[in-house]
Amino acid sequence: MSDSVRVRFAPSPTGWLHIGGLRTALYNYLFARQHGGTFVLRIEDTDQSRYVEEAEQDIVESMRWVGLEVDEGPDKGGNVGPYRQSQRTDLYREHVDQLLASGHAYVAFDTAEEIDAMRERLKTPDNPSPKYDAATRMQMMNALTLDADEVQRRLDAGEEYVVRLKVEPGQTVRFDDLIRGPVAFETDTVDDQVLLKSDGFPTYHLANVVDDHAMQITHVIRGEEWLPSTPKHVLLYDAFGWPPPAFAHLPLIMSPTGGKLSKRNADKMRIPVSVKDYIAQGYEPEALVNFLALLGWNPGDERELFTLSELVEAYSIERTAHSGAQFDIDKLQWFNGQYVRELSPTEIAERARPGVEERVGPVDPAHLEAVAALMHERLTFAHNLADAAYFFQDPTTYDEQGLKKRWKDDSAGLMRAYADRLEADDTFTEESTEAVMRQLGEDEGAGFGRIIHPVRLATTGTTAGAGMFETLVLIGREATIRRLRRAADELG
RNA sequence: GCCGCGUUCGUCUAGGGGUUUAGGACGCCGCCCUUUCACGGCGGUAACACGGGUUCAAAUCCCGUACGCGGUACCA
């Protein structure tokens, strides 16, 4: 039991859950589920200055929206809680003391300004950002340079301090990344990372390691931006005498132009970055999950439509890509269309109603459903139904290109004639409306296209849409006749 | 600068020594279906970063270069 898989998604509540964060959560979830393991949510709220009140709830809601069910977490409980780091500060303090006692860490009194000054002073073209490390720490104010009495005196006086990891130079830290294979770092390139900040809160590195151990996490699956920090974490596990978990570093999601998918450049390309924006824009959660899963992973065969449970089945962390993937909104929308097509008319109507009613006022549910059924195949988003407002109200404008191409000198006359004949058609079915139109064409010696295209323009204002006669039936006899005559009058 | 990780069609990717005229998907283009537009079907366009090496044989292995990304905080 103790060796069963446990993974965690550990976001920082600093804003709306990012699309990249959701993908990290997804991969963790898939890994947990396919190993019959446990998926933990842990809130890493150790940065007081960046804390955003609503963020945690947004994380929970976003994950719920796509169906990533958490086994343990702040709103779920579990027996290794609490699941918010701000509620675990005593634990970190204890562990810091342990490291201090064992000589793996030391107290430092330097202020931010003093550290900046040191970096400024030691800066050379070859070394533009000197580290606080074995090479420089002996020039600073810390327990390694001050004598014990002085350190105690400062502590007693309540002077601010941080606790730093004492990184021994000249060593090589190695670990096997599940995705990338063996990775090695020289400790000479690792600085004496701050573990405990002067406000008493731990840094990410300390809290993360302590919690992953305390929560018995077996696999750390996270974004590639953490790869350079991993040697610090491995060093910490060593210092505590704990076996490190397995690590897997996921490739990053990048902007379509390369580079980071930041809020700013994503907005410019109309790519939502927050999960809440995907919800607001009417994306189907299944489509987002499917798209995200395939952005950096593939099953090895040519399938590409996967439900969440199919992904659990098919996923394998070894098949995860090694390089960053550019976000392709077109492909996401293609997925969305795929899933919208699987929706029932009732479901489409449900999703589209708010947008439709905002545009045309209250609509009859049965009518809306009939429209949904008819337009089904043509939708990328369920709410695209609102674009076909002509099912609910007379068109107010006519497509200009369409008029130019299809509206001829005889159109008005034909529209009036068709309207007149429809008056006499009591059944008004797909069959009858078509038969009437064909008869009209024969009698007037006009080609079918000469009539049907202007009719579409007159009744819908557009040149595109579902079958003409199905559309007419849904629009209704009275409205059809009214629209035909009005168009004839207005367009001449 | 330094450290790390990468590099196959425009994009997501398959392929990991001979099975490859390098496969699929999105996008784009064309045709079919349809007197509309989609959907669907069929077809087309388009890629192994570069240079060395290893080998009978390299997109595949090794080295270097270039380029990209990440990191280089008392942020995560």
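In what follows, chains carry the letters A, B, and so on, assigned in the order in which the sequence lines appear, proteins first and then strands, with residues in each chain numbered from 1.
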query = Do F306(A) and F335(A) have their ring centres less than 6.0 Å from each other?
reply = no
task = May I ask which nucleotide in the shown strands pairs with G6(B), Watson-Crick or G-U wobble, both distances under 3.5 Å?
result = C67(B)
query = Given the P atoms of A58(B) and A49(B), what is the spacing between them in whole Å?
reply = 15 Å
ask   = Does C37(B) have a Watson-Crick or wobble mate here (both distances under 3.5 Å), and if so which one?
value = none
task = Determine, for E347(A) against R351(A), whether the closest basic-nitrogen to carboxylate-oxygen distance falls under 4.0 angstrom.
result = no
ask   = Below 4.0 angstrom, N of the basic side chain to O of the carboxylate: do R164(A) and D191(A) qualify?
value = no
Distance-only polar pair, side chains of Q85(A) and D211(A), donor-acceptor under 3.5 Å = yes
query = Nearest nucleotide by nearest heavy atom, which residue falls closer to the 5' end of RNA chain B, W297(A) or R438(A)?
reply = W297(A)
Members of residues 456-465 of chain A that approach RNA chain B, where some heavy atom sits under 4.0 Å away = R456(A), T463(A), A464(A), G465(A)
request  = For C2(B), take OP1 and OP2 only and decide whether either is under 4.0 Å from a side-chain N or O of N127(A).
outcome  = no
request  = Whole angstrom is fine here: how far is it from CD in Q326(A) over to P in G10(B)?
outcome  = 11 Å
note = Reading nucleotides 65-76 of chain B from 5' to 3' and marking B where a protein heavy atom lies under 4.0 Å of the base, S where only the sugar-phosphate is that close, and - otherwise, the string is ----SBSSSBBB
inquiry  = Partner lookup for C42(B), please. Criteria are Watson-Crick or G-U wobble with both distances under 3.5 angstrom; report none if nothing qualifies.
reply    = G30(B)
ask   = Above 12 or not: heavy atoms from other molecules or residues under 6.0 Å from NZ of K260(A)?
value = no
note = B/S/- along nucleotides 19-29 of chain B (protein heavy atoms under 4.0 Å) is ----SSBB---
ask   = Between E186(A) (CD) and C2(B) (P), how many Å, whole number?
value = 16 Å
key: Carboxylate-amine/guanidinium contact R222(A) D212(A), below 4.0 Å   = no
ask   = Partners of D399(A) by side-chain hydrogen bond (donor to acceptor under 3.5 Å, both in side chains), sequence neighbours excluded?
value = none
message = Applying a 4.0 Å non-hydrogen cut-off, can you work out what R319(A) is touching in the nucleic acid: base, sugar-phosphate, or nothing?
response = sugar-phosphate
message = Can you confirm whether the side chains of Q439(A) and D443(A) place a donor and an acceptor under 3.5 Å from each other?
response = yes
note = By the Watson-Crick or G-U definition, both distances under 3.5 Å, A59(B) is matched with none
key: Taking every non-hydrogen atom, the tightest pair across K197(A) and D47(A)   = NZ-CA, 3.9 Å
ask   = Mind checking who G1(B) pairs with, Watson-Crick or G-U wobble, both distances under 3.5 Å?
value = U72(B)
message = Once salt bridge (charged side-chain N to carboxylate O under 4.0 Å, His left out) is applied, do any residues pair with K166(A), and if so which ones, sequence neighbours excluded?
response = E168(A)
task = Using ring-ring contact (aromatic ring centres under 6.0 Å, His included) as the criterion, list what pairs up with W226(A), not counting sequence neighbours.
result = Y204(A)
